[in-house]
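Everything below concerns the one structure shown next.
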Amino acid sequence: NIELVFYEGYDPSIIDFKHIINKLSNSNADCIYLASTGSSTGIIIKQIYQNPNISKNVPIIGDISLANSENIKLIGELKSPVYIVNSQISHDFIDLYYKHYDETPNAFAAYSYSIPFMIHDVLCSMKDTISDISDIYNQFIQSSFETVVGPITFDKNTHEPKLELSVYPL
């Protein structure tokens, strides 16, 4: 089991993550998951490495945006194990996103892109049979979807989404 020690959002325009790094250094985390985007991923890792209170043996896990060349240059030498979680984001989506935004998409971008299509599929499949909002929810969790992040289904007991993920070292 994984215990979430703390979650911290940030303004994407900042480059000083001192407040996050200080909380992280006091958390005794077993691993660090960065769901960040663009160059902030590399900047955060560099600041983690510069903090003497954070063990250099703590694995860092990020999504596919971690592997872009800008972040690799910003990080420099890897001082801890670094892994990438890839939720099978389609290469077509990555290419289109990169052409439009000039950066590699993170998982949030791909999931955000997928969700309206999932909702659309459910609503179209139900047509005029919706009598209550719970009908939509029940149909949603019983469905399976082909998305730009790969197939998504829902656990029948917990209703949590199930994704096919792969993890590989950077």
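Index from 1, following the sequence.
- Ile89 is not listed as a side-chain neighbour of Tyr97, based on a closest heavy-atom distance of 4.5 Å or more.
- The shortest side-chain heavy-atom distance between Val82 and Ser80 falls under the 4.5 Å cut-off.
- The minimum heavy-atom distance linking Val58 with Ala29 is given by the pair CG2-O, 3.7 Å.
- Residues Met118 and Phe140 meet the side-chain proximity criterion, which asks for heavy atoms closer than 4.5 Å.
- Contact of the Pro59 side chain with the Ile32 side chain is not registered, since no non-hydrogen atoms from C-beta on lie closer than 4.5 Å.
- In this structure, the side chain of Thr158 does not engage the main chain of Asp155 through any donor-acceptor pair within 3.5 Å.
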Can Ser25 and Asn51 be said to form a side chain to side chain contact (heavy atoms under 4.5 Å, CB included), step by step? CA-CA 8 Å; Ser25 68; Asn51 187 302; 3.9 Å; yes
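- With rounding to the nearest 0.5 Å, the separation of SG in Cys124 from CD1 in Ile119 is 12.0 Å.
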Check against side chain to side chain contact (heavy atoms under 4.5 Å, CB included), Ile152 and Lys162: CA-CA 6 Å; Ile152 297 177; Lys162 297 187 319 185; over 6 Å; no
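- Atom CD1 of residue Ile21 and atom CG of residue Asn26 lie 11.5 Å apart, to the nearest 0.5 angstrom.
- Proximity of Ser39 to Leu74: side-chain heavy atoms (C-beta onward) are separated by under 4.5 Å at one or more points.
- When all heavy atoms of Ser114 and Val148 are compared, the pair lying nearest together is OG-CG2, 3.3 Å.
- A ring-ring contact (aromatic ring centres under 6.0 Å, His included) with Phe93 is found for one member of Phe117, Tyr113, Tyr101, Tyr98 and no other, namely Tyr113.
- Side chain of Tyr49 to backbone of Ile44: no donor-acceptor contact under 3.5 angstrom is found.
- Leu66 is listed as a side-chain neighbour of Ile45, based on a closest heavy-atom distance under 4.5 Å.
- Following chains of ILVMFWY side-chain contacts shorter than 4.5 Å, one cannot reach Leu163 starting from Phe108, and the two form parts of different hydrophobic clusters.
- Residues Tyr111 and Val149 meet the side-chain proximity criterion, which asks for heavy atoms closer than 4.5 Å.
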As a quick check of understanding, evaluate side chain to side chain donor-acceptor pair (under 3.5 Å) for Asp132 and Ser134, giving each step before the final call. CA-CA 5 Å; Asp132 187 74; Ser134 64; 2.6 Å; yes
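- Here Ile60 contributes atom CD1 and Tyr83 contributes atom OH; the two are 11.0 Å apart, rounded to the nearest 0.5 Å.
- Side-chain atoms of Glu70 never come within 3.5 Å of backbone atoms of Glu103 as a donor-acceptor pair (strictly under, hydrogens ignored).
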Any chance you could lay out the ring-ring contact (aromatic ring centres under 6.0 Å, His included) test for Tyr7 and Tyr33, step after step, and finish with the verdict? CA-CA 10 Å; Tyr7 167 85; Tyr33 175 69; 10.0 Å; no
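- With values rounded to the nearest 0.5 angstrom, Leu34 atom CG is found 6.5 Å from Thr41 atom OG1.
- The distance from the CG atom of Leu123 to the CD atom of Gln139 is 9.5 Å, given to the nearest 0.5 Å.
- Under 3.5 Å, the side chains of Tyr137 and His159 contain a donor-acceptor pair of N or O atoms.
- Residues in residues 21-40 take part in these salt bridge (Lys or Arg N to Asp or Glu O under 4.0 Å) pairs, two or more places apart or across chains: Glu8-Lys23.
- Counted by atom type alone, Ser40 and Tyr10 present one or more donor-acceptor pairs between their side chains at under 3.5 Å.
- Ser27 places a side-chain N or O within 3.5 Å of a backbone atom of Leu24 that can act as its donor or acceptor partner.
- Contact of the Asn57 side chain with the Lys79 side chain is not registered, since no non-hydrogen atoms from C-beta on lie closer than 4.5 Å.
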